[in-house]
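Notes follow the structure.
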Amino acid sequence: MPATAADIRKKEKIIQRVFLIIAFSSLFSLFLIALFIFIEGFPMIMKVGLKDFLLSTRWSPTRGHYGIFAMIVSSFWVTIGALLFGGPLGLMCSIFLVEFASARWRAIIKPALELLAGIPSVVYGFLGVVYLVPLVRDYLGGPGLSLLTSCIILGIMILPTVISISVDALVAVPNSYREAAFSLGGTRWQTTYMVTVHAAKSGIITALVLGMGRAVGETMAVIMISGNALKIPTSILDPIRTMTSNIALEMGYASGMHRQALFATGIVLFFFVMALNTIATLFARRKAIK
Amino acid sequence: MPEPLIKARNVSLEADGKPILKDISLDIFRNEIFGIMGPAGGGKTSFLRLVNHTFRGSNVKIEGRLHVLGEDVLSDEVNPTPLRRKVSMVFATPVVLPMSIFENLVYGLRIQGIRDKSRLREAAERGLKAAILWDEVRDRLDKPAQKLSGGQQQRLCIARAMALSPDVLLLDEPTSGLDPISTFRIEEALKELKKRHTIVLVSNNTKQIARVSDRCAFFLMGELIETGKTSQMFTVPREKKTDDYIAGRFG
Ligand SMILES: Nc1ncnc2c1ncn2[C@@H]1O[C@H](COP(=O)(O)OP(=O)(O)OP(=O)(O)O)[C@@H](O)[C@H]1O
Ligand SMILES: [Mg+2]
């Protein structure tokens, strides 16, 4: 029996509903996660006080001190440091890929980067401990397990994020810009940094910000190479403990207030990442308007 | 006869195995406006791009000799960057760079390392006046160039090339997006500019070629049908095809 128009319309309706439900379920799970973090963590922040929670450096849950300031500072510096290492490197790499590399190089480097993104973070941490930590200890001093080591490893880990997004941004720059710049007597390099990178600016900033988001959230590798000392680092060779490592290290045995304090740390991280994503979206949108 | 500024001898161009220009030989002299006309796809733009050294690629095959300012631009040794500073091209579709009007104008100077503010301003003003844009934009030089109208953008591209004071100015259909009044004023400006520059003007508009050029060429399907003094080509053309085209019988 041939399908009537009404039948088809009904089928379309059903398909539409199904997809709507699927789309909502992902939104819903995000909502649930946020909800649980807040239910678990928020009362604790109220009890301790926002100021004592965020701005005190004393973290000893057994004695009832729940200040995470040292970890916030550590997370902050490790994120900035990762950006300092991975940002320029990633940017240079994407400029090379888009503006200078031949098709053959591109065919080699692109899959290599995807592989880099696929390596489990525990492997990065392991490599860091085995090779980088002794190197830092022997040549620069300190325990080796340090802010510097974490920044270098995280800098490498954010490369795939930074590169893939800034490559997209550079590729999106119309070729006519480059031709116009060449025709005014520009060299390839002048055209790249004065016109192409300029035109791709918002996309590149988005790439850097999302790379930071990746760095702030990384846990496993950081636990392995950062030393996990609970204090504000005074030099790049000091060991650090970030918010994420603290949650992962202590959740196994935490209970009661302590457990709630870890969830509360999650709330802070949640805002951290949300702020970064908002910044990235704002820059991406600014480009769209242009 | 003086030595020509641009001298093409048996220039042929192929891209993807398809012939684009066939055996072109012509001379362009100092301080003249040389018009190139012909129907779409005839190879006019391609010729300009050869002169400006922007028609390159692995799929491109070039033969013959093309001397520009005494240098053979078809040889592999030529360095395109200094050449393009002396031979400026304005594309048919205006492409303003994503920066302010002023920065667009002085881009070509900045990349030559010129920093002197007054010199940059002076060049920008000279370019804008030459392209008859000065009065419209003098108060908003720091605004994004992309906010200008299409016709203004086109004149900005001409102004940008003029700011460089090039020896040769290659104009690809510079008035295709302009109203008759602006077109007229650009044409007047070109006649003024040729006192100091040499201009190669590609146009679909035969009347424009007749109005402003001193000598001209007629390109048809990649072939140079005829070249000579404009006054002669438009009154007593040697070739029947030229006569037909000028009279609007085809193309
Ligand atoms: N890079 C290229 N690769 C292959 N073919 C090309 C390339 N550039 C131009 N062509 C071809 O060369 C021919 C001549 O093009 P050209 O742009 O020079 O014509 P034109 O005379 O400027 O035409 P119009 O008046 O439409 O601007 C066209 O058939 C075009 O498809
Ligand atoms: Mg053309």
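Just so it is clear, the values below take in all heavy atoms, side chains as well, and ignore hydrogens, waters and symmetry mates. Below, chain A is the first sequence line, B the second, and so on; all start at residue 1.
- The closest side-chain heavy-atom distance from A:M194 to B:I111 is below 4.5 Å.
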Can you give me every donor-acceptor pair (side chain of residues 86-102 of chain B, partner residue at least two apart or in another chain, under 3.5 Å) with its distance?
residue: B:S100; atom: OG; partner: B:E103; partner atom: N; Å: 3.1

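- When each of B:Q112, B:R160, B:R49 is scored by its heavy-atom pairs under 4.5 Å with chain A, the top score falls to B:R160.
- Heavy atoms only, all atoms of each residue included: B:Y107 and A:Q190 are closest at OH-O, 3.9 Å.
- Counting non-hydrogen atoms of other residues, nucleotides and ligands closer than 6.0 Å to CZ of A:R106 gives a total above 12.
- The two atoms that bring A:T187 and B:T81 nearest to each other are CG2-CG2, 3.8 Å, heavy atoms only.
- Crowding of B:R30 atom CZ: a count of heavy atoms from other residues, nucleotides or ligands under 6.0 Å not exceeding 12.
- When the shell of 6.0 Å around CZ of A:F100 is examined, it contains more than 12 heavy atoms from other residues, nucleotides or ligands.
- Heavy atoms of other residues, nucleotides or ligands lying less than 6.0 angstrom from CE of A:M92 number 12 at most.
- Nearest heavy atoms, B:N52 versus A:S183: OD1-CB, 4.2 Å.
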